[in-house]
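Order of appearance sets the numbers: ligands from 1, and atoms from 1 within every ligand. Just so it is clear, the values below take in all heavy atoms, side chains as well, and ignore hydrogens, waters and symmetry mates.
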Amino acid sequence: MLENLRAQPADKILALMAAYKADPRDDKVDLGVGVYKDASGNTPVMRAVKEAERRILADQPSKAYTGLAGDPAFGAAMRQLVLGDSIAGDRVAAVATPGGTGAIRQALELIKMAAPDATVWLSNPTWPNHPSIIKYLGMKMGDYTYFDDATRGVDFDGMLADLNGLAKGDVVLLHGCCHNPTGANLTTKQMAQVITLMQEKEAIPFIDIAYQGFGDGLDEDAQITRQIATAFDNCLIAASCSKNFGIYRERTGILMAIAKDAEQQPLTQQTLAFLNRQNYSFPPDHGARVVTTILSDPDLRADWEAELEETRNGMLSLRQQLADELKRLTNSDRFDFLAHHRGMFSRLGTTPELVEKLRADHGIYMVGDSRMNIAGLNANTVPVLAKAIVSAGI
Ligand code: LMR
């Protein structure tokens, strides 16, 4: 049997992680995988997470199964974090999932079940695992223009022109905030136009929100998600806790499916629970319990929010430092977009050849499409990167 296996395409982000690890140079710089790093290059366990874990270890009475949807308190806490009071709670079906990727996978399975003929539209570019999972599930896939290589902002006219081709019932995957891989985001005004077009076309929104709190703030980053969710009868939301709680390896995420009304919710909820049962039965609990503990304790929550703000402001400051240094070196404002982008990533907008040159000549690792993880920088490496960008002729 196993002789029939064929090598699968390597995920470019994971391949880059391995190449970085194997590089013996001491001064190499990792701007690859989307993991937050502090100024000394560590990915710290957040203070509130440590304290929540201490309490859970001390007090947890049992490790018996929760439920197929996970702990309902996690569902309620995450619904509040992502949706605020924008949607009546009795319209929201939710299941805990192994990370944001688990939520995306379950959302796609749900779409496959409920709308097998729908095309799922992705931004071009998007996180590479989106098309990979859709292809694996044998679903129909389309893409819409998103990034403008000239301005390094959103090509909004191109996006609208492509979305004009939506068929009734198609699904549009939108990034809730901090677009991965570009860092370029729609304004709420532009999103309002996208919403109007999608309503005209009777399309369904599917939001991937993996960086809430990394862009403009916790509520600010949820604004577009809430704007979309309130405008449609149905909406799918895959949210990740990996980044904003720094609990990457705990695999903590949630899929929320917003039903038209309270009558449509129970069947939706039952279907999500069924899908969990088919794929992995009960979802992981530890990370979800940490998140619930933090979100429901005012002191822990305040501490978490404060640390998240430090993280966010640190990334904004690195963006500004890099844009300033490049302005100084090039005597031009053509890298100002770096300060305007939001979240962990910026797409430099250069060729794979020049990305490879940065790696070969300077030990600087970024994804081949020129996505850099801004959080991989620090005050010492900002000038190194800026110099390398200029000397590579980018
Ligand atoms: C990334 O885009 O680098 C992260 O979401 C990590 C991953 O799984 O690819």
Side-chain angles (χ1 to χ4, degrees), residues 8-21 28-38 41-44 82 97-108 122-136 143 146-147 173-185 206-215 221 225 237-255 280 284 287 308 311-312 315 318-319 341-349 352 355 358-359 364-377:
Q8 298 299 323
D11 181 287
K12 58 185 179 182
I13 297 170
L14 304 187
L16 193 72
M17 273 170 92
Y20 175 81
K21 221 171 166 182
K28 59 188 177 177
V29 181
D30 180 13
L31 307 181
V33 67
V35 170
Y36 172 76
K37 293 193 197 124
D38 63 17
N42 298 321
T43 302
V82 176
T97 55
T101 309
I104 290 163
R105 170 65 188 261
Q106 298 298 70
L108 290 168
L122 306 175
S123 65
N124 181 9
T126 191
W127 183 50
N129 217 13
H130 288 151
S132 181
I133 301 174
I134 293 173
K135 201 169 152 208
Y136 176 69
D143 65 35
Y146 188 78
F147 192 66
L173 200 159
L174 298 153
H175 297 224
C177 64
C178 308
H179 185 266
N180 178 7
T182 67
N185 297 289
F206 171 15
I207 303 163
D208 180 1
I209 178 161
Y211 297 89
Q212 189 183 350
F214 271 36
D221 290 349
T225 301
I237 303 170
S240 169
C241 302
S242 297
K243 278 89 181 178
N244 50 9
F245 288 86
I247 50 173
Y248 305 83
R249 66 177 66 163
E250 301 299 349
R251 309 313 299 136
T252 308
I254 189 161
L255 170 61
Y280 38 77
L308 184 59
T311 304
R312 187 177 77 78
M315 286 187 292
L318 287 165
R319 289 186 172 282
H341 284 170
R342 281 295 178 271
M344 220 177 213
F345 306 116
S346 266
R347 186 177 182 147
L348 204 46
V355 168
L358 288 175
R359 193 197 62 76
I364 294 170
Y365 284 73
M366 61 180 73
V367 183
D369 62 5
S370 73
R371 183 193 85 168
M372 333 182 256
N373 174 13
I374 295 292
L377 290 167

Side chains of residues 10-21: which donor-acceptor partners sit under 3.5 Å, not counting sequence neighbours?
from, atom 1, to, atom 2, distance (Å)
Asp11, OD1, Ile13, N, 2.9
Asp11, OD1, Leu14, N, 3.2

For this session: May I ask you to check whether Val33 has an N/O atom sitting below 3.5 Å from an N/O atom of ligand 1?
Result: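 There is no such contact.
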
Problem set entry | Check: His175/Thr126 side-chain N/O donor and acceptor closer than 3.5 Å |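 Thr126 and His175 do have a side-chain donor-acceptor pair below 3.5 Å.
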
Problem set entry | salt bridge (Lys or Arg N to Asp or Glu O under 4.0 Å) partners for Arg251, two or more places apart |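 Residues passing salt bridge (Lys or Arg N to Asp or Glu O under 4.0 Å) with Arg251: none at all.
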
Students should be able to answer this: which protein heavy-atom is nearest to [atom], and at what distance?
atom: atom 3 (O) of ligand 1; value: Gly34 N, 2.7 Å
atom: atom 8 (O) of ligand 1; value: Trp127 CZ2, 3.6 Å
atom: atom 2 (O) of ligand 1; value: Arg371 NH1, 2.9 Å

Exercise. Got a second to check how far Ile209's CD1 is from Cys177's SG, nearest 0.5 Å?
Worked result: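 If we round to the nearest 0.5 Å, Ile209:CD1 and Cys177:SG are 4.0 Å apart.
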
Exercise. Do the ring planes of Phe345 and Tyr211 sit parallel (below 30°), tilted (30 to 60°) or perpendicular (above 60°)?
Worked result: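 The rings of Phe345 and Tyr211 stand perpendicular, inter-plane angle above 60°.
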
Problem set entry | Contacting atoms of ligand 1, where contact means under 4.0 angstrom from a heavy atom of Lys243 |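 Listed by number with element, the hits are 4 (C), 5 (O).
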
Problem set entry | pair Tyr36-Lys243: side-chain heavy atoms closer than 4.5 Å |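 No, side chains not in contact.
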
Problem set entry | Part of Asn129 with heavy atoms under 4.0 Å of ligand 1, whether side chain, backbone, both or neither |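 For Asn129, no heavy atom sits under 4.0 Å from ligand 1.
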
Exercise. Considering only heavy atoms, does Tyr248 approach ligand 1 within less than 4.0 Å through its side chain, its backbone, both, or neither?
Worked result: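 Neither part.
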
